[in-house]
Amino acid sequence: MPYLKTAAKKQTRSSLLDIKSQKCGLRHTVFFVNGNEYTGEWKDNQKHGKGTQVWKESGMIYDGEWKFGKRDGYGTYSVLLPQRKEYLRKYCGEWKNGKKHGYGTYFFSHSSVYEGEWSEDERSGWGRMFYENGDIYEGEWMKDKNHGKGIIRFLNGNWYEGTWKNGLKNGNGKFYHSDKGQLYEGFWVDGVAKCGTLSDFGRDDAPAPTRYPIPQVQLVDMQLVIREAQSAYLDQS
């Protein structure tokens, strides 16, 4: 019997030590063998709550919310610029299960920025993209590409509004040539205009209008002609 009591005491003592070694609640900086650092809250030996993780090898830093060891909630992700010895913010927004998910802003570069919805690290849902060349797209996304309804405004003042598929103009849309004062309305396939109508639009205010206005063409049923042409391209696809 004395042996059993001793064994029970030893087991209890070891269990207590194990519990004490478990990281839980707010902790000071924890240094890992690979050089990474984490400062923040824990739960059941996992990063949980608010905390800051620094990855030594990549120079990345994440400051925000965690859930059972993964980035989850709201947080900011930055990268280290070795030359300047300062951090550059790359993403600020919502996370889920360690991936960008929800609403957030991603900085591809100083002048190339996306703000909008994300799904599992990809632009999906509604969003606005500011491109480095000055173009701006606002509309729907799916799997990191323009997909659905959207408008793209070009630096020269022209713009397209209509439907997109896999990053290309597809379906019905309108292209405004504001520099020439013309409007193209028609059907697009994989980024190429296939059939439609071209008319004057804001020609008097255009900076570089065409020499002559587009003459009026009278058809018995213009929409029927467009539908037939559209059907021909759809049958080929």
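- Between K149 and E140, no side-chain nitrogen of the basic residue sits less than 4.0 Å from a carboxylate oxygen of the acidic one, so the salt-bridge criterion is not met.
- When ring centroids are compared, F175 and W159 stay outside the 6.0 Å threshold.
- Side-chain N or O atoms of W66 include one that pairs as donor or acceptor with a backbone N or O of G51 at under 3.5 Å.
- Sparse packing is recorded around CD of E57, with 12 or fewer heavy atoms of other residues, nucleotides or ligands lying under 6.0 Å away.
- Checked against a 6.0 Å centroid threshold, the rings of Y176 and Y160 do not count as neighbours.
- Under a 4.0 Å N-O distance rule, the pair D121/K100 qualifies as a salt bridge.
- For the 3.5 Å distance criterion, the side chains of S119 and S124 fail to qualify, holding no donor opposite an acceptor.
- For the residue pair K145 and N166, no side-chain donor N or O sits within less than 3.5 Å of a side-chain acceptor on the partner.
- The six-membered or imidazole ring of W42 lies away from that of F68, with a centre-to-centre distance of 6.0 Å or more.
- Inspection of the T76 and D63 side chains reveals no N or O donor paired with an N or O acceptor under 3.5 Å.
- A donor-acceptor pair under 3.5 Å is formed between the side chain of Y114 and the backbone N or O of E117.
- Residues W95 and Y77 have side chains in contact (heavy-atom distance under 4.5 Å, counting atoms from C-beta outward).
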